[in-house]
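Presented below is the structure to which this report refers.
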Number of protein chains: 2
Amino acid sequence: MKNESILDKFEESLEDFIPSLSVDCVILGYQNSALHALVLRWKDTNNWSLPGGFVKKAEDLDHSAFRVLKDRTGLDISFLKQLHVFGNKNRRDIPALSTQLKEMNASPKIIQWFQQRFISVTYLALVNPESFIPIPDYLSEACEWLPIKDIPQLYFDHNEMIAKAKEYTATQIKYQPIGLMLLPEKFTMKMLQKLYEVILDKPLDRGNFQKKILKLDILTRHEKQMSGAAHKAPFLYSFNTPKYYEFLERGIGLLS
Amino acid sequence: MKNESILDKFEESLEDFIPSLSVDCVILGYQNSALHALVLRWKDTNNWSLPGGFVKKAEDLDHSAFRVLKDRTGLDISFLKQLHVFGNKNRRDIPALSTQLKEMNASPKIIQWFQQRFISVTYLALVNPESFIPIPDYLSEACEWLPIKDIPQLYFDHNEMIAKAKEYTATQIKYQPIGLMLLPEKFTMKMLQKLYEVILDKPLDRGNFQKKILKLDILTRHEKQMSGAAHKAPFLYSFNTPKYYEFLERGIGLLS
DNA sequence: ACAAAAGTGTTTATAATACACCCATGA
DNA sequence: TCATGGGTGTATTATAAACACTTTTGT
């Protein structure tokens, strides 16, 4: 489909959306011992943004986040958490965005839509990047996992959104188990510890970490991993999902 | 000013507001050993709601919460915390509200405005009711502190908002000091403990509570209270504001 | 003097921290 | 056999929980 027809279709559906309101999704993934975020690069530009979109008049707000994420990245994620609303009055009229829309031959109506002042509700999800293949939408040239530390300047206050998501995750991990969504099915204790260290941004004692996590009784231990490494083969673990969620409910006071 | 002219004025300013978006304020106060919330009773009805209003197109979202609260209750509060966004698609068209507006001779345009589907951003503040005298606005007959347990059915999902605020406060108190905003300038240890017990909804050990709170080093001890009670006169305390806020910043792991 | 409530102390249990020890493995 | 990393144990310290003892006050 050509840009024009996509944009025409969007123009036709403008009436279905609530004006001035948007949703943006911060999707955090853990890969190569670093937190990554899923970001989009807009077609024919070097401009990046979070996957975002608009809220339909006849749609639950939460649902709009699922839909937008699916449409823009192909990711089908059912646990998106409302994080924060960004509502400064100057959240509007990004010149680079208008320029780009003009280059795409967008109609004045569409350009005007994007020049609105937007109030944006941010949603957060934690996922294992290996379980998802992002597919950029028509507006985007690329949809990539970038290490949080290497993320360029994004549109609007999207960098702030990622910072908030990171901070929120670091706070949550202290009171609730984290990892089920971020790690592969089976993992070693070392991998889990590294995840915690990355999120908390500080080293943890190996022995104590192991004891604490095991005492939570949310892990299932499997056979030994026959790794080709020159050391004792570690056990593989997986989360005991029911117990994990049980703990999520109670979840108070994990690590300090 | 008569209803008509107020409504006329509102109708004129409708264009200044972002459609479909509202803010609602949960103001919690502590009084007579119970949490209270500030609620409005609409004129000539027995319908109650939280103080809420709309967001101006040229106004920061956070600022709209201050303004709305000031306009509707007279309360001038500078620390409102964004709590949650309520965005179900069926948040619209409360029959009782339309009926009431018709009885007030509101124009079709205004009635239509109130029949919109709204997405509402909830803000929270904790205050000492004795420091504020609520003044109902033109639309309201009363603006009262009601004990949370006695609050009737409110418009929309406002009861859910209060529940969320209460839950949030109970979680927060475990990791951050609470009380500076809720108690009078000077208070006894017993009063502070009772506040914690009410919010956490469980009894606390007197001796241990006193030790823990004092160890935080956020209180200043004053002279003895010369109460007319038949027992040892307790000390009066007040919060050491700088240290209190310092602790708010760090704030991890208070009570379990 | 006594009841009531305040302030403080003691004991015990639990959890956090630091770190040491031994084991398994592949080079 | 040795370096590396894995699993587990122990000693020390810090924190939490239960509750007992003493003090002050008005009646």
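Just so you know, these numbers use all the heavy atoms, side chains as well, and skip hydrogens, waters and symmetry mates.
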For [X] and [N], what is the distance between atoms [atom1] and [atom2] respectively, to the nearest whole Å?
| X | N | atom1 | atom2 | answer |
| --- | --- | --- | --- | --- |
| A:L204 | C:dA16 | CG | P | 13 Å |
| B:K212 | D:dA18 | NZ | C1' | 12 Å |
| B:Y196 | D:dA16 | OH | C1' | 16 Å |
| B:F209 | D:dA16 | CZ | P | 13 Å |
| B:I213 | D:dT15 | CD1 | P | 15 Å |

Notebook entry, point to check: Which nucleotides of nucleotides 3-11 of chain C have their base under 4.0 Å from a protein heavy atom (B), which only their sugar-phosphate (S), and which neither (-), written as one string 5' to 3'?
Noted result: BBBBBBBB-
Under 3.5 Å, which donor-acceptor pairs do the side chains of residues 119-127 of chain B form with other protein atoms, sequence neighbours left out?
| from | atom 1 | to | atom 2 | distance (Å) |
| --- | --- | --- | --- | --- |
| B:S120 | OG | B:S22 | OG | 3.3 |
| B:S120 | OG | B:D24 | OD2 | 2.6 |
| B:Y123 | OH | B:D62 | OD1 | 2.5 |

Item checked: Contact check, side chains of A:L219 and A:F239, non-hydrogen atoms, under 4.5 Å -> yes
Notebook entry, point to check: Side chains of A:L204 and A:Y196: does their closest heavy-atom pair fall under 4.5 Å?
Noted result: yes
Note to self: Consider side-chain contact (heavy atoms from CB on, under 4.5 Å). Of B:V198, B:L195, B:N128, which one does B:L182 pass it with?
What the structure shows: B:L195
Margin query: With no hydrogens and no angle check, just 3.5 Å: does a side-chain donor-acceptor pair link A:R41 and A:S140?
Written below: no
Margin query: Ignoring hydrogens and geometry beyond distance, is a side-chain donor-acceptor pair present between A:N47 and A:Y155 at under 3.5 Å?
Written below: yes
